There are 2 protein chains.
Amino acid sequence: MTPTDKSADGLDVVRQLRAVSTELDLLAAGFAQRNGLHPTDLRALVCLLDAARARTPVTPGSLGARLGLNSAGTTSLVDRLERLGHVRRTRDPRDRRRVLLEVDERAVALGEAYFGPLIAQVADAAAQLAEPELAAVRRFLASVLEGVTARREDG
Amino acid sequence: MTPTDKSADGLDVVRQLRAVSTELDLLAAGFAQRNGLHPTDLRALVCLLDAARARTPVTPGSLGARLGLNSAGTTSLVDRLERLGHVRRTRDPRDRRRVLLEVDERAVALGEAYFGPLIAQVADAAAQLAEPELAAVRRFLASVLEGVTARREDG
DNA sequence: CGATTCGCCTCGCTGAGCGAGATATCGTCG
DNA sequence: CGACGATATCTCGCTCAGCGAGGCGAATCG
């Protein structure tokens, strides 16, 4: 790449990506606040909805691990979500030490109200690209994801 | 859109974008924790570094507004950053009510240690695309940014 | 069956961030 | 110039998310 060609070194793309990322964070924070949720609660709901779609059972332990919380913090997180009616606690009949978390339909609706329009907008942006262009976007994003993940894992 | 054509409806791009966003958040959180910073502190440093590069003066008030903090919370945030030596308080000679925040060189170095490799990786990912492809990525990201920003503003 | 491990919860505490209000400075209008 | 309201920041007291330590029932291993 030529140092004089500013549009070809990808730095503007870096800026765009960062702007998108921070705007998404702000959007999420605003949504959380409007719904009486803390950022952690929203992240927890996202995990729960992902798991529900994948038919994967979630326990306080697995949720806390994924969010980086200790067991005490996880308990109070689940307490909050349960108090708001987003989640129910059920004893696992196979292993009665475990508690299974079931997301309420209201939480699913809430999640769709949040992600739905967002998904539609991104999908729409993607739909305005020709197929080979879309393929390039996919390759670029996959590459970024790989890089970020790799950086996160070693530190 | 036809549910059977999974590659053309852009949903996979949505998933990629979300994955990138959450990975970036996790990376930031890990970096913050390793450096004794809270997520808010890191966001504040990002704002300060951006402003420093743009030669824009920053006051506790403007910083708090940008981060969505109360004046009391802003004061304690600046106290923390000052205690860690990342920032210095200076009275504005033109308006002695105001306090100007100056970032320390250590904070700049810290920021570059964090953003540098990340920027390099994204720029590298961009460099592996042909020019028309890169243009498509730019258009896509601009479109996503516009959509997200618009959604955030009305709510 | 004990002994150990595992999963979750309770208790007490630290500290980020909020609301209310105090303090100092600035701009303005008589 | 002096009084007054606006503005920028800070202080005080509080709430509550999350941590560390420890407890208790359930599973597993010897």
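Quick caveat: nothing in here was measured; it's all calculated off a predicted structure. Naming convention: chains lettered A, B, ... in sequence-line order (proteins, then strands); numbering from 1 in each chain.
Between the side chain of Ser62(B) and the main chain of Val58(B), no donor-acceptor pair closer than 3.5 Å is present. Side-chain N or O atoms of Gln16(B) include one that pairs as donor or acceptor with a backbone N or O of Arg138(A) at under 3.5 Å.
Cation-pi geometry between Arg18(A) and Phe115(B) is satisfied (NZ or CZ under 6.0 Å from the ring centre, within 45° of the ring normal).
For Arg80(B), the CZ atom counts as densely surrounded, since its 6.0 Å shell holds more than 12 non-hydrogen atoms of other residues, nucleotides or ligands.
Heavy-atom minimum distance, Leu67(B) versus Cys47(B): CD2-SG, 4.0 Å. Shown here for Leu48(A) and Val103(A), the closest heavy-atom pair between the two residues is CB-CG1, 3.3 Å. Residues Phe140(A) and Ala126(B) come closest through the heavy atom pair CE1-N, 3.8 Å. In terms of heavy-atom proximity, Leu45(A) sits nearest to Ala107(A) at CD2-CB, 4.1 Å.
One finds a side-chain N or O of Thr59(A) lying less than 4.0 angstrom from the OP1 or OP2 phosphate oxygen of dC8(C).
Heavy-atom distances under 4.0 Å link DNA chain C to Gly68(B), Leu69(B), Asn70(B), Ala72(B) of residues 61-72 of chain B, given in residue order. For the segment residues 73-95 of chain B, the set of residues with a heavy atom within less than 4.0 Å of an atom of DNA chain D comprises Thr75(B), Arg89(B), in numerical order.
With hydrogens and angles ignored, a donor-acceptor pair under 3.5 angstrom links the side chain of Arg97(A) to the base of dC6(C).
If you measure from atom NE2 of His38(A) to atom P of dG17(C), you get 13 Å, rounded to the nearest angstrom. Arg96(B) has its CZ atom 16 Å from the C1' atom of dC10(D), to the nearest Å.
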